[in-house]
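To start, the structure under review is shown below, and the notes come after it.
The first residue of the sequence shown is numbered 1, and numbering continues consecutively from there.
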Amino acid sequence: MSFKFFMPQQSLMGPGAISEAGLEIKSLGFEKALIVTDEVLCNIGLVKNLTKVLEENGVKYAIYNKTKPNPTVTNVNEGLKMLKAEGCDFVISFGGGSPHDCAKGIALVAANGGKIEDYEGINKSSKPQLPLIAINTTAGTASEMTIFCIITNEETRIKMAIVDKHVNPMIAVNDPELMTAMPKGLTAATGMDALTHAVEAYVSTAATPITDACALQAVKLISNHLRTAVENGASLEARDKMAYAEFLAGMAFNNASLGYVHAMAHQLGGFYDLPHGVCNAVLLPHVQEYNAKIVPDRLKDIAGAMGVDVAGMDDTQGAKAAIEAIKKLSKEVGIPAGLKDLNVKKEDFDVLVTNSLKDACGFTNPQQATHEEIVSIFNAAY
């Protein structure tokens, strides 16, 4: 069976990368950008780092800043309307996963027509999206470099998973200097999101030696630097290492896909409008307890990457150690203990499970679950 590997044409990493991005944009000859971001990043002045670079390089822009934490169909439609009204010939997403996903939705529909709902599923588009440059301000989602786009349908309260080779950004930018403003809670949530990406990619049925290498290195970096990034957000070293970690985790899951953690977290986010990274962090150890029956050896590798001394452990013991290490890290960075703390209601489990089993992210989980088994995982995480 052949293997495809997706990532942006170009990726800019390290302090000062945003300035380099400005030069690249100028060299490509684009005239006017639709900047897709959110109100918070505008209000704290972080977006000025981008607009200054564009102005220095003679690139015009319009700003769409209404992106919600869980971007919606309405966000995509509003952004598309602005893009057309302003005559923009390319898109820049600036922020974390929310602006990136919203921008992908806008760029995809701009090039292919129809509605964003038409592209739910795998490779539903026929043409590449409008050119997209994704500038990251968080270290977690990796949406700046993936073929995944998650958009909430407000009517159904479901997060649509759009997995499409045509939504990969042209250029991904990870400048740690843009990440020092992230508050502790967001740093923790996005960091645990990156850990989830790495773990799910490593135990995925579509994993390869290439994605394995990326995933394990991401786990090592996150285990070594997330706590510092949370406690000392000004640490440029910790921010830089976390940027590399989330990018490596993105390389892993962009090509090996994910599992039931994401399939379930998408439903929680869409139904209750909860933070994606927090949902992932709460669910991660419980889904891996389910997976440990099938891939204990793989989870033992995760334990080793997290710094656990697994010498002398058998696979089952190693898997248990990985799950405990995940729980310990999650607690130490301030993630809530369970779904009850997020005001999730048990009476909603049935519909959440039904939708989880339809989510494309679950198709590469190490074993396929029944409705009752997913209910059990939700209960364990409660």
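Judged purely by atom type and a 3.5 angstrom limit, S356 uses its side chain to pair as donor or acceptor with the backbone of L352. Counting only distance, with no hydrogens or angles, the side chain of S98 and the backbone of P71 share no donor-acceptor pair below 3.5 Å. Panel note: side chain K52, backbone K48; no donor-acceptor pair is recorded below 3.5 Å. For E200 (side chain) and V261 (main-chain N/O), a donor-acceptor pair under 3.5 Å exists by modelled atom type. A donor-acceptor contact shorter than 3.5 Å links the side chain of T37 to the backbone of F94. The closest donor-acceptor contact from the side chain of R239 to the backbone of G233 lies under 3.5 Å. Put simply, the side chain of D240 never gets that close to the backbone of L236: no donor and acceptor are under 3.5 Å apart. Side-chain atoms of Y260 never come within 3.5 Å of backbone atoms of N291 as a donor-acceptor pair (strictly under, hydrogens ignored). Side-chain atoms of D101 do not come within 3.5 Å of backbone N or O of I151 as any donor-acceptor pair. N232 places no side-chain N or O within donor-acceptor distance of the main-chain N or O of T228, the cut-off being under 3.5 Å.
To the nearest 0.5 Å, the span separating NZ on K115 from CD on E120 amounts to 11.5 Å. T156 OG1 to N355 CG: the interatomic distance, rounded to the nearest 0.5 Å, is 8.0 Å. Annotation: the span from F363 atom CZ to L357 atom CG amounts to 9.0 Å, rounded to 0.5 Å. Distance check, rounded to the nearest 0.5 Å: CE of M242 to CZ of F247 gives 14.5 Å. Residue L50 holds its CG atom at 5.0 Å from CD1 of I92, rounded to the nearest 0.5 Å. For the atom pair L46 CG and T137 OG1, the distance stands at 6.0 Å (nearest 0.5 Å).
Checking N254 against H197 by side-chain atom types alone, no donor-acceptor pair falls below 3.5 Å. Judged purely by distance below 3.5 Å, without hydrogens or angles, the side chains of K104 and T146 pair a donor atom with an acceptor atom. Remark: the N255 side chain and the T211 side chain contain no N/O donor-acceptor pair separated by less than 3.5 Å. The closest side-chain donor-acceptor pair between K159 and N70 falls under 3.5 angstrom. At a cut-off of 3.5 Å, with distance as the only test, no side-chain donor of Y61 or E86 sits close to an acceptor on the other residue. Between N365 and Y290, the side chains place no donor N or O within less than 3.5 Å of an acceptor N or O (distance only, hydrogens not considered). Side chain to side chain, H100 and N136 meet the donor-acceptor criterion of an N or O pair below 3.5 Å. For the residue pair N174/E144, the side-chain donor-acceptor check at 3.5 Å is satisfied. Under the 3.5 Å distance criterion, with hydrogens and angles disregarded, a donor-acceptor pair is assigned to the side chains of T74 and E154. Inspection of the Y119 and D164 side chains reveals no N or O donor paired with an N or O acceptor under 3.5 Å.
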Checklist entry - Under the side-chain contact (heavy atoms from CB on, under 4.5 Å) criterion, do H371 and T354 qualify, and how do the steps go? => result CA-CA 7 Å; H371 187 98; T354 297; 3.4 Å; yes
Next on the checklist: Please determine whether side-chain contact (heavy atoms from CB on, under 4.5 Å) holds for the pair K241 and N224, giving the CA-CA distance in whole Å, both sets of side-chain angles, and the decisive distance to 0.1 Å.
Outcome noted: CA-CA 9 Å; K241 291 294 194 296; N224 290 335; over 6 Å; no
Item to check | S257/F148 under side-chain contact (heavy atoms from CB on, under 4.5 Å): CA gap, chis, key distance, verdict | outcome: CA-CA 9 Å; S257 196; F148 287 73; 3.9 Å; yes
Next on the checklist: Working note: N57 + F30, criterion side-chain contact (heavy atoms from CB on, under 4.5 Å); need CA distance, chi angles, decisive distance, verdict.
Outcome noted: CA-CA 11 Å; N57 287 279; F30 296 135; over 6 Å; no
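Scanning both residues, D175 and G16, for their nearest heavy atoms gives OD2-N, 3.1 Å. Closest non-hydrogen pair, C279 versus A265, comes out as CB-CB, 3.8 Å. Here the closest heavy-atom approach between residue A198 and residue V219 is recorded as CB-CG2, 3.7 Å. For T187 against L226, the heavy-atom pair with the smallest separation is O-CD1, 3.7 Å. Nearest heavy atoms, N49 versus G45: ND2-O, 4.0 Å. Contact detail for Y64 and C102: the closest heavy-atom pair is CE2-SG, 4.3 Å.
Residues F253 and V203 fall into different hydrophobic clusters, defined by Ile, Leu, Val, Met, Phe, Trp and Tyr side chains chained together at heavy-atom separations under 4.5 Å. Both L130 and I116 are part of a single hydrophobic cluster, where members link through side-chain heavy atoms under 4.5 Å apart. Hydrophobic clustering places M306 together with V287 (ILVMFWY residues linked when any side-chain heavy atoms are closer than 4.5 Å, directly or through intermediates). Connection of L339 to I323 is not established within any shared hydrophobic cluster, with ILVMFWY side chains joined at heavy-atom distances below 4.5 Å, either directly or through further cluster members. When hydrophobic clusters are built by joining Ile, Leu, Val, Met, Phe, Trp and Tyr residues whose side-chain heavy atoms come closer than 4.5 Å, directly or via intermediates, I106 is not grouped with I171.
Between L283 and L268, some side-chain heavy-atom pair lies under the 4.5 Å cut-off. In this structure the side chain of I158 reaches within 4.5 angstrom of the side chain of Q267, judged on heavy atoms. Between L274 and V344 the shortest side-chain heavy-atom distance falls below 4.5 Å. Contact check for V282 versus M192: no side-chain heavy atoms found under the 4.5 Å cut-off. Annotation: side chain of Y244 is not in contact with side chain of Q217 (no heavy-atom distance under 4.5 Å). The closest side-chain heavy-atom distance from T138 to D193 is not below 4.5 Å. With contacts defined as side-chain heavy-atom distances shorter than 4.5 Å, the pair M170/L28 qualifies. Side-chain atoms of H276 and H262, non-hydrogen and from C-beta on, do get closer than 4.5 Å to each other.
Salt bridge annotation for K327-E289: present, with a cationic side-chain nitrogen under 4.0 angstrom from a carboxylate oxygen. A salt bridge does not link E231 with R227: every distance from a Lys NZ or Arg NE/NH1/NH2 to an Asp or Glu carboxylate oxygen is 4.0 Å or more. Looking at R298 and D212, a side-chain N of the basic residue comes within less than 4.0 Å of a carboxylate O on the acidic one, giving a salt bridge.
For CD of E31, the number of neighbouring non-hydrogen atoms (other residues, nucleotides, ligands) closer than 6.0 Å is 12 at most. Shown here is K32, whose NZ atom has more than 12 heavy atoms of other residues, nucleotides or ligands within 6.0 Å.
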